> 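Got a structure for you, written out below as C-alpha cells; questions coming shortly.
Residues take their numbers from the sequence shown, with the count starting at 1. Since we're looking at a predicted model, the values are computed, not measured.
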Amino acid sequence: MILVTGATGSIGRDLVRRLTADGVLFKALVRRAEQGRELGCPFVVGDFDEPGSLATAFDGIDRLFLNSSGALPVRGEQPMVRHQRALIEAAQRAGLTKIVKISVWRAREGGKLAEGAHWHIEELLKKSGIDWSVLQPSGFMQNFVSGTGSFTEDGNLIGAYGDARVSYVDCHDIAACAAVLLTDPGNTGRSYVVTGPEALNHTEIAAKLTAAFGRPVRYVDLPPEQFAAKLTARGVPADFATDVAALYAEVAAGALEETTTAVEDLTGRRPRTFDEFLAEHSSRVSTS
C-alpha cells in the first residue's frame with residue numbers, strides 16, 4: 001500500500017485521482033480529518049512534526065510518495081528538510097521498500113531556498129537504504145491559475161525573467177510519472193527532470209492567458225532588484241526576497257529552457273502543452 005503525502009496539493013490531488021481510478025491501494029496523509037474527507041479517499045491523520053503520528057500513519061504501508069510544501073521565508077534550515085527527514089526516518093523504521101520524491105529541477109548543494117533544501121533531502125534519501133526515485137520538475141503550469149503565480153493588482157503577469165523561455169509542466173503529468181514509479185518495483189535509483197513539451201517566454205504565456213481568461217494580460221518584466229523590492233513591500237523578509245530574485249535571475253539566464261522526454265519515457269504519452277492545460281482548466285472551472 002502507498003502512503004501519499006502532499007495529497008491536498010496540485011500534484012497530490014491528481015495522484016489521488018489517478019491511483020483511485022487505477023484501483024491501487026493507498027491512503028493519504030493529511031493534517032486534519034476534514035481534508036481527508038474532502039479528498040474522498042482512504043486517509044490517515046498525522047503531522048510531520050509529531051513522530052508518533054507518523055508511526056501510526058505507516059501501518060500497512062510499503063511505499064511512500066514524498067512531497068511537501070515549498071520554501072518558506074524563515075531563517076536557517078527550511079522546514080521541508082525537517083519534515084521530509086522525519087518521513088524518511090519513519091519509512092526506514094517501518095521497512096518500506098520504495099520512496100518516490102518530488103524535488104525541483106537544479107536541486108544542488110549550496111542552491112538557494114528550495115534548490116538547496118531538496119538537494120539535502122535527496123542526499124538523505126539516497127543514504128536511507130530504501131529504493132528511491134526522484135522527480136525534478138520544471139515550473140508548474142498551475143501557478144498561473146492557482147493564485148501562486150505573480151500578478152499585478154490589475155491582473156498582469158509580473159516577473160524578472162526577461163525573454164528567457166521556461167519549459168513549464170502540468171502537475172497532471174508529474175502525477176502520472178509518480179504513479180508509474182510507485183507501481184513499478186524495478187524502476188529505482190534514478191532522477192528524472194520533468195518538463196512540458198515546449199519552452200515559452202512569459203510574453204507568449206501572457207498572450208495565451210489573454211485568450212483563456214477573456215481579458216487582456218500583459219507580461220511586466222522587472223530587473224531582479226526591483227522585483228525583490230516589490231516582494232519586500234508586500235511584507236516578504238528582505239533576505240528571502242533577495243534569494244527569490246536570484247532564482248529569477250537564473251531563470252532569466254536560461255536555466256529552465258530545456259525540454260526533456262521524461263513524461264513520455266515513463267508514461268508512454270507526450271506531456272500536455274500549455275494550451276491543452278488551459279483548455280482542461282477552463283473545462284473544469286465551467287463544470288464546477
> Show the nearest heavy-atom pair for residues Ser146 and Asn143, with the distance to one decimal.
OG-CA, 3.7 Å
> Assess the residue pair Asp154 and Thr152 against the criterion (side-chain hydrogen bond (donor to acceptor under 3.5 Å, both in side chains)); give the C-alpha distance rounded to whole Å, side-chain angles, the decisive distance to 0.1 Å, and a yes or no.
CA-CA 5 Å; Asp154 54 357; Thr152 63; 2.3 Å; yes
> I'd like to check the ring-ring contact (aromatic ring centres under 6.0 Å, His included) partners of Phe58; sequence neighbours left out, ordered by chain and number.
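So Phe58 forms no ring-ring contact (aromatic ring centres under 6.0 Å, His included) with any residue.
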> Any heavy-atom pair between the side chains of Ile205 and Asn201 that's under 4.5 Å?
no
> Check the pair Arg108 / Glu122 against salt bridge (Lys or Arg N to Asp or Glu O under 4.0 Å), numbers first and verdict last.
CA-CA 9 Å; Arg108 64 194 187 278; Glu122 287 185 24; over 6 Å; no
> Give every residue pair that meets the ring-ring contact (aromatic ring centres under 6.0 Å, His included) criterion with at least one member in residues 74-98, sequence neighbours excluded.
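Sorted result for residues 74-98: Phe48-His83.
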> According to the ring-ring contact (aromatic ring centres under 6.0 Å, His included) rule, which pairs have a member within residues 100-136, sequence neighbours left out?
none
> Would Thr8 and Leu39 satisfy side chain to side chain contact (heavy atoms under 4.5 Å, CB included), going step by step from the backbone distance to the final call?
CA-CA 7 Å; Thr8 59; Leu39 284 171; 4.1 Å; yes
> Sequence neighbours left out, cut at 3.5 Å: what donor-acceptor pairs do the side chains of residues 61-70 make with other protein atoms?
{"residue": "Asp62", "atom": "OD1", "partner": "Met1", "partner atom": "N", "Å": "2.9"}
{"residue": "Arg63", "atom": "NH1", "partner": "Leu182", "partner atom": "O", "Å": "3.0"}
{"residue": "Ser68", "atom": "OG", "partner": "Gln84", "partner atom": "NE2", "Å": "2.8"}

> Tell me every residue that passes salt bridge (charged side-chain N to carboxylate O under 4.0 Å, His left out) with Arg75, counting only those two or more places apart in sequence or in another chain.
Asp239
> Using only atom types and a distance under 3.5 Å, with no angle test, would you say the side chain of Thr259 pairs donor to acceptor with the backbone of Ser167?
no
> Is the shortest side-chain heavy-atom distance between Thr56 and Ser53 below 4.5 Å?
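No. Closest side-chain heavy atoms not under 4.5 Å.
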> Roughly how far, to the nearest 0.5 Å, is CZ of Arg234 from CG of Leu231?
6.5 Å
> Does the distance from a Lys or Arg side-chain N to an Asp or Glu carboxylate O, for Glu250 and Arg106, drop under 4.0 Å?
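Salt bridge: yes.
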> Applying the 4.5 Å side-chain criterion to the ILVMFWY set and letting contacts propagate, would Val145 and Phe140 be lumped into a single cluster?
no
> Members other than Leu72 in its cluster, when Ile, Leu, Val, Met, Phe, Trp, Tyr link by side-chain heavy atoms under 4.5 Å?
Val74
> Taking all non-hydrogen atoms of both residues into account, name the closest pair between Pro271 and Gly196 and its distance.
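That closest heavy-atom pairing would be CG-C, 4.0 Å.
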> Which heavy atom of Ala252 sits nearest to which heavy atom of Ala164, and what is that distance?
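Distance-wise, the nearest heavy atoms are O-CB, 3.4 Å.
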> Can you tell me how far CG of Leu124 sits from NZ of Lys101, rounded to the nearest 0.5 angstrom?
9.5 Å
> Please enumerate all residues that pass salt bridge (charged side-chain N to carboxylate O under 4.0 Å, His left out) together with Glu225, with sequence neighbours excluded.
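Result, salt bridge (charged side-chain N to carboxylate O under 4.0 Å, His left out) vs Glu225: none returned.
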> Check the hydrophobic clustering (I, L, V, M, F, W, Y; side-chain heavy atoms under 4.5 Å; chains of links allowed) and say if Phe277 and Val169 are grouped together.
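No, Phe277 does not connect to Val169 through the hydrophobic network.
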> Could you give the distance from CD1 (Ile102) to OG (Ser133), rounded to the nearest 0.5 Å?
10.5 Å
> Working to the nearest 0.5 angstrom, can you tell me the gap between Ile158 CD1 and Asp221 CG?
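It is 9.0 Å, given to the nearest 0.5 Å.
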> Looking only at heavy atoms, which two atoms of Ala33 and Phe43 are closest? And how far apart?
O-CZ, 3.7 Å
> When you compare the side chain of Leu266 with that of Tyr192, does any pair of heavy atoms fall below 4.5 Å?
yes
> Mind checking whether Leu181 and Ile99 sit in one hydrophobic cluster, side chains of I, L, V, M, F, W, Y counted as touching below 4.5 Å?
no
> Under the side chain to side chain donor-acceptor pair (under 3.5 Å) rule, what pairs show up with a residue in residues 85-96, not counting sequence neighbours?
Glu77-Arg85
> Please list all pairs passing the ring-ring contact (aromatic ring centres under 6.0 Å, His included) test where one or both residues lie in residues 212-270, with sequence neighbours left out.
Tyr161-Tyr248, His202-Tyr219, Phe227-Tyr248
> Drop me the distance from Thr195's OG1 to Glu257's CD, to the nearest 0.5 angstrom.
12.0 Å
> Mark yes or no for whether Ser103, through its side chain, and Val134, through its backbone, hold a donor-acceptor pair below 3.5 Å.
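Not a single qualifying donor-acceptor pair exists.
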> Side chains of Glu115 and Leu247, heavy atoms from C-beta outward: is any pair under 4.5 Å?
yes
> Does the salt bridge (Lys or Arg N to Asp or Glu O under 4.0 Å) test come out yes or no for Glu50 and Arg31, once each step is laid out?
CA-CA 11 Å; Glu50 296 180 9; Arg31 299 179 81 177; over 6 Å; no
> Stepwise, does the side chain to side chain contact (heavy atoms under 4.5 Å, CB included) test hold for Arg13 with His172?
CA-CA 9 Å; Arg13 285 181 180 275; His172 169 87; over 6 Å; no
> Hey, is the main chain of Glu264 close enough, under 3.5 Å, to the side chain of Thr261 for a donor-acceptor pair?
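Checking the backbone N and O of Glu264 against the side chain of Thr261, no donor-acceptor pair under 3.5 Å is found.
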> Between Leu3 and Val44, is there a side-chain heavy-atom distance shorter than 4.5 Å?
yes
> Just grab all the salt bridge (Lys or Arg N to Asp or Glu O under 4.0 Å) pairs involving residues 160-186, residues at least two apart or on different chains.
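Listed by first then second residue: Arg165-Glu204, Asp170-Arg272, Asp173-Arg269.
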> Grab the two heavy atoms, one from Val16 and one from Ala7, that are nearest each other, plus how far apart they are.
CG2-CB, 4.2 Å
> Between CG of Leu157 and OG1 of Thr203, what distance do you get to the nearest 0.5 Å?
8.5 Å
> Any non-hydrogen side-chain atom of Asp131 less than 4.5 Å from a side-chain atom of Leu96?
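No, their side chains stay 4.5 Å or more apart.
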> Of the non-hydrogen atoms in Val45 and Leu29, which two are nearest, and what is the gap between them?
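Smallest heavy-atom distance, with atoms named: C-CD1, 4.2 Å.
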> List for me each residue that meets salt bridge (charged side-chain N to carboxylate O under 4.0 Å, His left out) alongside Lys27, sequence neighbours excluded, and say none if there are none.
none
> Under a single-linkage definition using a 4.5 Å side-chain heavy-atom cutoff for Ile, Leu, Val, Met, Phe, Trp and Tyr, are Phe151 and Leu278 assigned to the same hydrophobic cluster?
yes
> Can you list everything that forms a salt bridge (charged side-chain N to carboxylate O under 4.0 Å, His left out) with Lys98? Sequence neighbours excluded, please.
none
> Should the pair Arg270-Glu198 be classified as a salt bridge under the 4.0 Å nitrogen-to-oxygen rule?
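Salt bridge: no.
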> Can you tell me if Ser10 uses its side chain to pair, donor with acceptor, with the backbone of Cys171 under 3.5 Å?
no
> May I ask whether Leu125 and Leu54 are part of the same hydrophobic cluster, defined by side-chain heavy atoms of I, L, V, M, F, W, Y residues being less than 4.5 angstrom apart, directly or through others?
yes
> Does any non-hydrogen side-chain atom of Arg82 lie less than 4.5 Å from one of Asp49?
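The answer is yes, as the side chains (C-beta and beyond) meet within the 4.5 Å cut-off.
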> Is any side-chain heavy atom of Val24 closer than 4.5 Å to one of Ile2?
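With C-beta onward as the side chain, the pair touches.
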